[in-house]
Structure formats: C-alpha cells, structure tokens
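First up is the structure itself, then whatever we jot down about it.
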Amino acid sequence: GAGVSQSPSNKVTEKGKDVELRCDPISGHTALYWYRQSLGQGLEFLIYFQGNSAPDKSGLPSDRFSAERTGGSVSTLTIQRTQQEDSAVYLCASSPTGETSGGAIQETQYFGPGTRLLVL
Amino acid sequence: RKEVEQDPGPFNVPEGATVAFNCTYSNSASQSFFWYRQDCRKEPKLLMSVYSSGNEDGRFTAQLNRASQYISLLIRDSKLSDSATYLCVVNEDTGGFKTIFGAGTRLFVKA
C-alpha cells in the first residue's frame, strides 16, 4: 500500500517568508509525528498528533512553528518568518495507533521521504 | 550529557566482517528501544526493535543492557548493502511523548 507522502520534496525560500509543509500519513494510522534533521545530525522531535487528542507540541523550537492535522489525516507544518537556521529536512512519520506505555511510543514509525527546506 | 549518544563513526569494514555499535541513554525510565537504518538522503526505516531478552534477525542481533543503560547492534557477515547510518531510538516515560533519536553511526562496508 501507499506509504507516508510529503510535499513539496524540496523548498527554497527567502528569509522572512512563511512556508507550509504537507504530510499524508498511511491510511488508517492515527498517530502522526513531525521531526527535523539538520545535515549530519539526528532527528529532532517537533510535534506529535494522536487521534483527536490535543497534540504534544513540546518539541516545537519557537512560536514561529505550528502544525495542524485536519480530519485526523493530513497534517500541515507551518513555519512563519523563516530563518536560515530553519534549513533542514523535515520528516513526517505515522504509526497505526500511537500505542504508548507511560508516554513512550511502542510502535514502529513509518517515515515519509521528507521535505528539504533551504532558507536563503 | 546527551540523552542518547552514539559513536558517529565512520566504521569502515571489509565485506564479511562483524561490526558492533553501542548506544547509551541517560534516562533510566526509558521504555522502548529501536534501531533504525537511514541511507544517504533517504528517510529512516525500522531495522529492528530491541527487547529486554535480546533479539536476532538474520545477521543482525540487538541487545539491551538496562543496568548500564545501553543498547547494541551486532552485524555479522557484513554486506556492501549494509552501508548506511544506524540510528538508535529511545522512547522515554516522562508522562508525555518523548522519542529521542541518536545522531547515528555511519557504516561503510567495502569490497
């Protein structure tokens, strides 16, 4: 079946502009995650959606970052007034139920191909 | 100290070699552990979960040592196709979601 898809695959923008990144999770997956990965670095957690629950936004680096998930499916990550340090690969992942034990995700996360963002 | 630490490598090994990676974590309340593989300019993909009793999948063996707070990945009979970055993933019990990815260990397998 179809995996996680993200668009655009690449985005070049000028400092100060807003950008929107889209994620289509695997159909039926209730949990959705956003991460970013800078060159040569590990993944940095940004935000987590689980069903209809309030999202966990604890990883968002500043109030310029926001995300929403409409209808429990597609998610959009918005970065306002982009800065050069926002340049990174933004990865979305989904998992079937987001099953947790004490808050710790137990399931495999399936990643999309990412959006490569370059802020000039 | 980083929450999850890995030796960045690179590890350069010949085909057929056995290679092992360790990953240490700082939070003793960590709940679940995984190894992901990431090819250059690609997304991470699950390699294997790490169970308390240790687990094996073909040429790959994962171990968890809770007392010393580390997990390991052993690759036997390395193949050229094993060349990738291996990411250690730790899920913490903090009352809220917390998944932490290590920065990865790069492996190059040479003919």
Side-chain angles (χ1 to χ4, degrees), chain A residues 3-6 9-10 23 25-26 30-51 53-60 67 88-116 118, chain B residues 1-10 21 23-52 55 57 62 64 66 71 84-106:
Chain A
V4 177
S5 61
Q6 293 187 245
S9 54
N10 293 280
C23 172
I26 293 173
T30 62
L32 186 148
Y33 320 79
W34 282 99
Y35 298 88
R36 73 176 175 182
Q37 187 174 31
S38 300
L39 190 63
Q41 303 297 311
L43 275 70
E44 176 188 2
F45 164 70
L46 297 177
I47 188 169
Y48 161 57
F49 295 90
Q50 166 58 318
S53 302
D56 183 327
K57 305 178 182 180
S58 59
L60 294 178
V89 177
Y90 288 81
L91 290 157
C92 173
S94 69
S95 64
T97 67
E99 176 189 351
T100 62
S101 172
I105 296 296
Q106 303 298 306
E107 294 179 317
T108 301
Q109 296 178 47
Y110 298 86
F111 283 84
T115 293
R116 286 171 177 74
L118 177 61
Chain B
R1 181 184 173 187
K2 289 183 182 177
E3 292 171 293
V4 175
E5 289 200 70
Q6 295 183 249
D7 181 344
F21 310 134
C23 166
T24 59
Y25 59 95
S26 60
N27 189 337
S28 60
S30 296
Q31 287 266 327
S32 57
F33 309 87
F34 303 86
W35 284 102
Y36 278 71
R37 170 194 170 128
Q38 186 172 27
D39 293 291
C40 187
R41 297 180 68 81
K42 298 287 189 181
E43 70 273 23
K45 292 183 179 178
L46 178 71
L47 178 64
M48 57 197 306
S49 302
V50 186
Y51 303 124
S52 297
N55 48 300
D57 182 1
L64 167 63
R66 285 193 180 273
I71 67 172
T85 296
Y86 291 84
L87 305 173
C88 166
V89 181
V90 175
N91 291 316
E92 294 188 343
D93 176 2
T94 62
F97 176 83
K98 194 162 189 183
T99 286
I100 304 170
F101 281 74
T105 297
R106 296 185 71 187

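All figures in this text were calculated on a predicted structure; none of them were measured in a lab. In what follows, chains carry the letters A, B, and so on, assigned in the order in which the sequence lines appear, proteins first and then strands, with residues in each chain numbered from 1. Just so you know, these numbers use all the heavy atoms, side chains as well, and skip hydrogens, waters and symmetry mates.
Using a 4.5 Å cut-off between heavy atoms, B/Q38 touches chain A through its side chain atoms alone. In this structure, no portion of B/K45 lies under 4.5 Å from any heavy atom of chain A. With a 4.5 angstrom heavy-atom cutoff, B/R41 touches chain A via backbone and side-chain atoms both. Heavy-atom distances place both the backbone and the side chain of A/L43 under 4.5 Å from chain B. Heavy atoms closer than 4.5 Å to chain B are found nowhere in A/E44, neither backbone nor side chain.
Side-chain contact between A/Y33 and B/T99 is absent, with no heavy-atom pair separated by less than 4.5 Å.
Ranked by heavy-atom pairs shorter than 4.5 Å toward chain A, the options B/P44, B/A103, B/G102 are led by B/P44. Listed options A/G59, A/A93, A/G114, A/G112 were ranked by heavy-atom pairs under 4.5 angstrom with chain B; first place goes to A/G112.
Contacts of B/D39 classified as salt bridge (Lys or Arg N to Asp or Glu O under 4.0 Å), with partners at least two apart in sequence or in another chain: B/R37. Residues passing the ring pair (Phe, Tyr, Trp, His ring centres under 6.0 Å) test with B/F33, sequence neighbours excluded: B/Y25.
Looking at B/Y36, its side chain does come within 3.5 Å of a backbone N or O of A/Q109 through a donor-acceptor pair.
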